[in-house]
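Remarks on the structure that follows.
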Amino acid sequence: MPFLSFYTQHFHISFFIRRNLHFVFIFFLHEFEYILRMNENPKDVRVRFAPSPTGHLHIGGVRTALFNYLYARQRSGSFCLRIEDTDKARSTKANMQEILDALAWLGLSPDEKPFIQSEHLQNHLLAAEKLLHNGQAYRCFCTKATLDAEKKAAEAAHRPYRYSGRCRNLSEAQIREKREAGLPYTLRFRVPEGTTRFKDMVYKDISVNNAEIDDFILIRSDGSPVYQLSVVVDDIRMGITHVIRGEDHLSNTPKQILLYLALGEKVPRFAHLPLILAADGKRLSKRHGASSVDEFREMGFLPEGLLNGLALLGWGDNMPKPVFSRDALIEKFSLNRVNKKAAVFDLRKLEWVNGQHLSKTDASMIWKHVRPLWEKAGWIGKNYPDTEGIRRVALLKSRMRLLKDFVRYGAWLFEDPADYEPEALDKHSQAPDLPEHLDKLLDAFRECDPFTAETAETCLRNAAEQRNISAATLIHPLRLAVTGFSVSPDIFTVCEMLGKENVCRRLETLIRTLSRM
């Protein structure tokens with residue numbers, strides 16, 4: 001039944017039915033109150049991405065940010081950012097700025113000013129005070145030694161450890177005595193009896209017996225709030241309607257739902273995303289290669305290519321056409337399609353997707369990224385004409401997968417090949433009398449005027465016909481001579497771009513190489 005989609009059950013229903021119909025009415029009225037607190041279909045969707053500035057922005061975090069962004073855009077909602085910087089020892093302003101810069105580069109900047117968690121600690125403490133006042137939290141004076149002894153006893157008995165609740169029912173006199181003695185204490189949430197149920201937008205129906213949930217700590221003995229309390233209070237203040245986050249937070253959700261209800265607030269919808277694993281089945285980390293946004297940017301990914309590739313992880317894995325523009329992702333994205341199974345990261349597929357975006361992107365846009373790479377390589381100067389750069393990028397882009405490929409495979413645009421692709425040299429040097437055939441082609445090129453793609457092709461085909469060989473016998477070695485590779489853009493277009501002098505010189509170099517073999 002719909003009203004059972006989520007609630008914390010304190011009593012067995014059948015007991016009320018048998019004993020007192022009046023209490024049955026009260027129970028369902030209480031149940032209806034829970035329904036009113038739920039954000040089943042809020043009109044104004046508000047989602048958030050909540051990274052901690054304790055290191056680089058991980059690619060898994062970017063996938064979470066992307067799914068939040070797509071969900072918000074699809075429903076004309078708000079995409080918010082919360083910086084969870086309460087880990088004072090590890091959080092830095094530099095890391096925070098890196099997160100903001102990375103999101104801006106990806107086109108995932110928040111719609112509002114970032115919410116900085118450390119600026120709202122007082123609200124967390126006030127919420128804890130409210131729970132304490134209402135009897136939904138209590139002071140715990142257990143020492144570390146006491147808790148460690150409980151844990152060891154649980155291990156010895158081969159049972160999971162849960163806090164014993166020894167401070168749960170201290171009298172006011174006992175509490176006053178301990179406080180007057182100056183004993184430190186934590187604040188624990190008083191977990192109610194019953195069951196906590198909710199409908200996750202990915203994992204569907206979840207049910208947890210509250211007996212399996214510890215009376216968890218809300219405020220540490222040093223007076224600082226813990227994650228469980230802070231995240232709930234912050235989401236309430238930010239008006240978050242949907243919490244879309246990693247599967248590793250699934251176990252936190254029942255505790256947080258109990259806190260929403262105890263504070264008398266609406267419970268947001270939850271969606272937990274599958275983790276991203278490396279090929280070895282372990283969580284993706286730096287030891288598997290690139291794992292942060294900056295590293296992928298340095299590798300030469302376009303923002304659109306990286307986002308498209310990440311969208312496929314756990315959502316579009318089996319899409320027949322996996323290449324999407326940003327607008328198409330917004331249109332097609334659905335949490336209903338998100339898999340429960342962990343997504344396996346495939347760098348080669350990600351590179352392929354990025355290559356598709358390079359191929360579809362206007363050369364003038366790509367040139368903005370390529371120009372500094374070619375300047376750094378020393379091939380062009382500050383006065384190099386944009387028109388020529390765009391023309392060369394347009395020639396290459398359909399065969400590139402990463403921006404750095406414009407350097408790796410584009411050097412022949414500026415320099416004679418230092419060597420030749422070994423397999424290609426072996427394969428295309430087997431034709432009998434090949435040096436003589438290429439000499440004939442060289443003579444034809446020297447006489448070719450004007451030297452265009454069309455005239456160069458005509459010269460080659462005429463030379464092949466005169467030598468009674470196929471045109472391919474000359475085309476493949478010509479490509480090798482000019483680029484050093486077995487694959488290139490249309491070789492005659494390349495010849496026109498490089499000019500007769502460069503082409504003839506490179507052809508001479510290959511002929512000498514073949515003659516020595």
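Checked by atom type and distance alone, the side chain of Lys397 never pairs as donor or acceptor with a backbone atom of Ala363 at under 3.5 Å. The backbone N or O of Phe216 lies less than 3.5 Å from no partner atom in the side chain of Tyr163, so there is not a single donor-acceptor pair. In terms of modelled atom types and a separation under 3.5 Å, the side chain of Arg63 and the main chain of Leu313 share a donor-acceptor contact. Listed for the Arg190 side chain is a donor-acceptor partner under 3.5 Å among the backbone atoms of Arg168. Side chain of Arg399 to main chain of Ser488: a donor-acceptor pair is present (N/O by atom type, distance under 3.5 Å, no hydrogens or angles). In this structure, Asn354 contributes its side chain and Leu302 its backbone to a donor-acceptor pair below 3.5 Å. With hydrogens and angles ignored, the 3.5 Å screen pairs no side-chain donor or acceptor of Asn339 with any backbone N or O of Lys341. Proximity of a side-chain donor or acceptor of Gln74 to a complementary backbone N or O of Ile330 within less than 3.5 Å is detected.
Sorted by first then second residue, the side-chain hydrogen bond (donor to acceptor under 3.5 Å, both in side chains) pairs that include residues 489-498, not counting sequence neighbours, are Asp490-Thr493. The salt bridge (charged side-chain N to carboxylate O under 4.0 Å, His left out) pairs that include a residue from residues 367-382 are Arg371-Glu375, Arg371-Asp386, Glu375-Lys382, where partners are two or more places apart or lie in different chains. Sorted by first then second residue, the salt bridge (charged side-chain N to carboxylate O under 4.0 Å, His left out) pairs that include residues 89-98, not counting sequence neighbours, are Asp87-Arg90. Applying the side-chain hydrogen bond (donor to acceptor under 3.5 Å, both in side chains) definition to pairs two or more places apart or across chains, those involving residues 107-116 are Arg46-Glu112, Arg73-Asp111.
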Next on the checklist: For a side chain to side chain donor-acceptor pair (under 3.5 Å) check, start with the C-alpha distance between Glu247 and Tyr203, then their side-chain angles and the critical distance, and finish with the verdict.
Outcome noted: CA-CA 9 Å; Glu247 175 211 25; Tyr203 286 83; 3.2 Å; yes

Next on the checklist: Please evaluate residues Trp367 and Arg392 with respect to the criterion side chain to side chain contact (heavy atoms under 4.5 Å, CB included), reporting the C-alpha separation (whole Å), side-chain torsions for both, the decisive distance (0.1 Å), and the verdict.
Outcome noted: CA-CA 9 Å; Trp367 171 238; Arg392 296 191 173 207; over 6 Å; no

Item to check | Trace of the side chain to side chain contact (heavy atoms under 4.5 Å, CB included) decision for Val47 with Val45 | outcome: CA-CA 7 Å; Val47 299; Val45 168; 4.0 Å; yes

Next on the checklist: Assess the residue pair Tyr71 and Met201 against the criterion (side chain to side chain contact (heavy atoms under 4.5 Å, CB included)); give the C-alpha distance rounded to whole Å, side-chain angles, the decisive distance to 0.1 Å, and a yes or no.
Outcome noted: CA-CA 12 Å; Tyr71 192 84; Met201 298 173 76; 3.5 Å; yes

Checklist entry - How far apart are the C-alpha atoms of Leu218 and Leu259, what are their side-chain angles, what is the distance that settles it, and do they pass the side chain to side chain contact (heavy atoms under 4.5 Å, CB included) test? => result CA-CA 10 Å; Leu218 300 175; Leu259 284 174; 3.9 Å; yes

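Side-chain atoms of Trp412 and Val494, non-hydrogen and from C-beta on, do get closer than 4.5 Å to each other. Here the side chains of Phe296 and Leu350 are in contact, with some heavy-atom distance below 4.5 Å. Contact check for Tyr227 versus Lys255: no side-chain heavy atoms found under the 4.5 Å cut-off. You'll find the side chain of Glu265 stays beyond 4.5 Å of the side chain of Asp235, heavy atoms only. A 4.5 Å side-chain heavy-atom check between Leu121 and Pro225 finds at least one atom pair inside the cut-off. Taking 4.5 Å as the limit, some side-chain heavy atom of Leu258 sits within range of a side-chain heavy atom of Asn210. Contact check for Asp234 versus Arg48: no side-chain heavy atoms found under the 4.5 Å cut-off. Taking the side chain as every heavy atom from C-beta outward, Gln228 and Asn252 approach each other to under 4.5 Å.
To the nearest 0.5 Å, atom CG of residue Leu263 and atom CG of residue Leu131 are 4.5 Å apart. Considering CD1 of Ile491 and OG1 of Thr483, their distance stands at 6.0 Å, rounded to 0.5 Å. The OG1 atom of Thr186 lies 4.5 Å from the CD1 atom of Ile217; values are rounded to the nearest 0.5 Å. In this structure, Phe79 CZ and Leu70 CG are separated by 9.5 Å, a value rounded to the nearest 0.5 Å. Within the model, atoms CG of Leu358 and CD of Glu351 stand 11.0 Å from one another, a figure rounded to the nearest 0.5 Å. Atom CG in Leu187 sits 12.5 Å away from atom CZ in Arg220 (nearest 0.5 Å).
Using cut-offs of 30° and 60° on the angle between ring planes, the pair Trp374 and Phe414 is perpendicular. Aromatic ring orientation, Tyr260 versus Phe270: perpendicular (interplanar angle above 60°, classes split at 30° and 60°).
Minimum interatomic distance between Val482 and Leu498 (heavy atoms only, all atoms of both residues): CG1-CD1, 3.2 Å. In plain terms, the two heavy atoms of Pro53 and Ile99 that are nearest each other are CA-CD1, 3.9 Å.
Thr253 and Arg245 share a side-chain donor-acceptor pair at under 3.5 Å. Between the side chains of Ser224 and Asp222, at least one donor N or O lies within less than 3.5 Å of an accepting N or O. Using a 3.5 Å distance cut-off with no hydrogens or angles, the side chains of His242 and Asn68 do not pair a donor with an acceptor. Side chains of Asn308 and His357: a donor on one and an acceptor on the other come within 3.5 Å. Defined by atom type and a distance below 3.5 Å, a donor-acceptor pair is present between the side-chain atoms of Ser364 and Asp362.
Partners of Tyr138 according to the side chain to side chain donor-acceptor pair (under 3.5 Å) rule, which considers only residues two or more places apart in sequence or in another chain, are Asp215. A search for salt bridge (Lys or Arg N to Asp or Glu O under 4.0 Å) contacts involving Asp85 returns nothing, not counting sequence neighbours. Qualifying salt bridge (Lys or Arg N to Asp or Glu O under 4.0 Å) partners for Arg391, counting only residues two or more places apart in sequence or in other chains: Glu388. Partners of Lys88 according to the salt bridge (Lys or Arg N to Asp or Glu O under 4.0 Å) rule, which considers only residues two or more places apart in sequence or in another chain, do not exist here. Annotation: side chain to side chain contact (heavy atoms under 4.5 Å, CB included) contacts of Glu423 (sequence neighbours excluded): none. For Arg162, there are no salt bridge (Lys or Arg N to Asp or Glu O under 4.0 Å) partners, not counting sequence neighbours. Taking the ring-ring contact (aromatic ring centres under 6.0 Å, His included) definition, one finds that Phe49 meets it with nothing, sequence neighbours left out.
More than 12 heavy atoms of other shown residues, nucleotides or ligands fall within 6.0 angstrom of atom NZ in Lys204.
A salt bridge does not link Asp214 to Arg188: none of the charged side-chain nitrogens sits closer than 4.0 Å to a carboxylate oxygen.
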In residues 400-411, what donor-acceptor pairs under 3.5 Å come from side-chain atoms, sequence neighbours left out?
from   : atom 1 : to     : atom 2 : distance (Å)
Asp405 : OD2    : Arg401 : N      : 3.1
Asp405 : OD2    : Leu402 : N      : 3.0

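The cationic group of Arg337 does not satisfy the cation-pi geometry with Phe333, failing either the under 6.0 Å distance to the six-membered ring centre or the 45° limit from the ring axis.
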